[in-house]
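Structure first, then comments.
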Number of protein chains: 2
Amino acid sequence: MGARPSIKDQLQRVRQDAIVGAVNRLLATKGYDAMTVDEVAADAGLAKASLYKLFPSKEELAGAAMVGALDRALAFVDELRAQAEQAEQAEQAAQGGGKVAAVAQLKAVARWAMATQLEGEMPTLPAHNSSLSASLQSNDAYMDRLLALSNRLSIWITEAQTGGQLNPQLPPDLVLYTLFARACDPVVALLKDSGQYSHEQIIDWVLSTTFDGLAHQAG
Amino acid sequence: MGARPSIKDQLQRVRQDAIVGAVNRLLATKGYDAMTVDEVAADAGLAKASLYKLFPSKEELAGAAMVGALDRALAFVDELRAQAEQAEQAEQAAQGGGKVAAVAQLKAVARWAMATQLEGEMPTLPAHNSSLSASLQSNDAYMDRLLALSNRLSIWITEAQTGGQLNPQLPPDLVLYTLFARACDPVVALLKDSGQYSHEQIIDWVLSTTFDGLAHQAG
DNA sequence: GTCTATATCAAGATAGAC
DNA sequence: GTCTATCTTGATATAGAC
């Protein structure tokens, strides 16, 4: 268990990372259907047959990339939670009442997701591919992380709803879906492709429309 | 020009409608990549070779379906405009000040688009297909209608922004993109697939989050 | 374990009979 | 003008040498 990995294992690990990284980039830029396994192999610098020894299908490749992306999201969320806990303790020691607003955490996650998309590092999969969906749903590593992330976000969502920071009449699932949807929002992509706006500006705008709507008057 | 179409022309027209209708359904349900020309031919009830005599490529098929969808959207918008004009005249005759709020028109369009999606009749195309995008951008019928629809909506958008019903700090294009995005919103599809909510309920919720945001408290 | 070369197959597109 | 049968291509996946 705690044994130091051998040189060979480390090389394997590096190669796997190269593959998953290539898949991640290609999924983020071209999407699943346009991504070919030949491209992945060329990008990762190995022969296609070698790649198929490690990942038995294109669908498994996509699953590995999604697991990586979910891991990054979970790491970001856990970092937020750790910071919030620290801030709470400091505030309690000082003057109390320092709980970090749940809605602020949700906005931070949305910001992170949109920034990731703007950097071309957010892999996205087609919603209407039944074979791929089936493969993902039987992928335990993927489902575990998806559930873990959903659970963590759902806690903040219900907290923000009971606290009156989010509309309590909306089903929590709708809020959750909306946040996931912002991670691959075509509006973000269109604004980016227009080339007129900075990433910061795009994120601010879409975040504003997501939480406050198109009608909101800046105060 | 005004001549009555021959029987033969009418038959052709019926057949074309059958083809475009099949493409529309398939694009709405499976998406462009998963749609095969064999399916289209089978669905429309003719041989693939005959289909290729009428539409020289799969991309042209998609373009024809999109033109149809844009025509329906334009018809809906023009109907709204006609009704608004009528209402204004009636109000002016009575007591004046009866201008229909531009934002109400935009909400009506968003409602119509989401209802169309929920009925499985909103064709959608992949954003990341350069060959298909190129084909559409050189499709005059498509571009004409896309511009016409964008122009009509943009008038309402700037009107609502100067009237203070929409946030005037947002670029009008962002508002336009957001409305187009709602027509194929994955959140709508997910809520529908959950099977828990009525179409009316889904539309109300997503409309509320679009214009008033996730934070809005129902008054 | 990695590569070259190939099998296999699905899907877009076409030829040619009627 | 429509159909059956076929061509062609590109992409997933694999066999077999080294």
Side-chain angles (χ1 to χ4, degrees), chain A residues 5-20 22-23 25-27 29-65 125-126 128-136 139, chain B residues 5-20 22-23 25-27 29-65 125-126 128-136 139:
Chain A
S6 69
I7 296 290
K8 207 165 69 172
D9 286 349
Q10 289 185 40
L11 285 175
Q12 278 297 338
R13 177 60 183 275
V14 168
R15 179 158 269 190
Q16 288 234 0
D17 287 350
I19 295 168
V20 175
V23 174
R25 261 192 312 281
L26 288 166
L27 286 181
T29 53
K30 321 182 62 167
Y32 181 79
D33 291 300
M35 175 185 87
T36 70
V37 179
D38 295 78
E39 279 174 315
V40 176
D43 231 40
L46 80 171
K48 186 163 57 165
S50 312
L51 199 165
Y52 268 102
K53 294 276 161 87
L54 291 161
F55 296 92
S57 71
K58 184 183 179 182
E59 287 164 357
E60 294 285 327
L61 279 174
L125 296 181
H128 295 340
N129 185 331
S130 56
S131 158
L132 177 58
S133 298
S135 165
L136 286 174
N139 181 334
Chain B
S6 69
I7 296 290
K8 207 165 68 174
D9 286 349
Q10 289 185 43
L11 285 176
Q12 278 297 338
R13 178 59 183 277
V14 168
R15 179 157 269 191
Q16 288 235 359
D17 288 350
I19 295 168
V20 174
V23 174
R25 258 191 315 281
L26 289 167
L27 285 181
T29 53
K30 321 182 60 167
Y32 181 78
D33 291 300
M35 176 185 86
T36 71
V37 178
D38 294 79
E39 279 175 314
V40 175
D43 230 41
L46 80 171
K48 185 161 62 164
S50 311
L51 200 166
Y52 268 101
K53 295 278 162 86
L54 291 161
F55 296 92
S57 73
K58 185 184 178 183
E59 287 165 355
E60 294 284 327
L61 279 174
L125 297 181
H128 294 341
N129 184 330
S130 56
S131 159
L132 178 58
S133 298
S135 165
L136 286 174
N139 181 333

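Throughout, protein chains are lettered first and strands after them, A, B, ... in sequence-line order, and every chain is numbered starting at 1. As the structure is a computational prediction, the values presented were derived from the model and not from experiment.
- In this structure, A:Leu51 places its CG atom 19 Å from P of C:dA5, rounding to the nearest Å.
- The NE2 atom of B:His128 sits 7.5 Å away from atom OG1 of A:Thr29, with the distance rounded to the nearest 0.5 Å.
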Stepwise side chain to side chain contact (heavy atoms under 4.5 Å, CB included) test for B:Gln10 and B:Val14: CA-CA 6 Å; B:Gln10 289 185 43; B:Val14 168; 5.6 Å; no

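- In this structure, B:Phe55 places its CZ atom 12 Å from P of D:dT2, rounding to the nearest Å.
- Put simply, B:Ser50 has a side-chain N or O that comes within less than 4.0 Å of OP1 or OP2 on D:dC3.
- Taking atom CG of B:Leu54 as the reference point, atom C1' of C:dT14 lies 15 Å away to the nearest angstrom.
- For A:Asp17, the side chain to side chain contact (heavy atoms under 4.5 Å, CB included) partners two or more places apart in sequence, or in a different chain, are A:Arg13.
- The nearest pair of heavy atoms linking A:Val23 to A:Ala65 is CG1-CB, 3.5 Å.
- Within the model, atoms CG of A:Leu46 and CD1 of A:Ile19 stand 5.0 Å from one another, a figure rounded to the nearest 0.5 Å.
- The minimum heavy-atom distance linking B:Leu27 with B:Ala62 is given by the pair CD1-CA, 4.2 Å.
- For B:Lys30 and C:dA10, the NZ to P distance is 14 Å, given to the nearest whole Å.
- Considering only residues two or more places apart in sequence or on other chains, B:Glu39 meets the salt bridge (Lys or Arg N to Asp or Glu O under 4.0 Å) condition with B:Lys30.
- In this structure A:Asp43 satisfies the salt bridge (Lys or Arg N to Asp or Glu O under 4.0 Å) test together with A:Arg25, sequence neighbours excluded.
- Axis deviation across the helix from C:dG1-D:dC18 to C:dC18-D:dG1 amounts to 20°, comparing end segments of five pairs, rounded to 10 degrees.
- Among residues at least two apart or in separate chains, side-chain hydrogen bond (donor to acceptor under 3.5 Å, both in side chains) pairs with a member in residues 45-63 of chain A are A:Asp38-A:Lys48, A:Glu59-A:Ser131.
- Between B:Gln16 atom CD and D:dT2 atom P there is a gap of 11 Å when expressed in whole angstrom units.
- The CD1-C1' distance, from A:Ile7 to C:dG1, rounds to 17 Å in whole Å.
- An OP1 or OP2 oxygen of C:dG1 is reached within less than 4.0 angstrom by no side-chain nitrogen or oxygen of A:Arg15.
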Under 4.0 Å protein heavy-atom contacts per nucleotide of nucleotides 5-18 of chain D, with B for base, S for backbone only and - for none: ------SBBBBB--

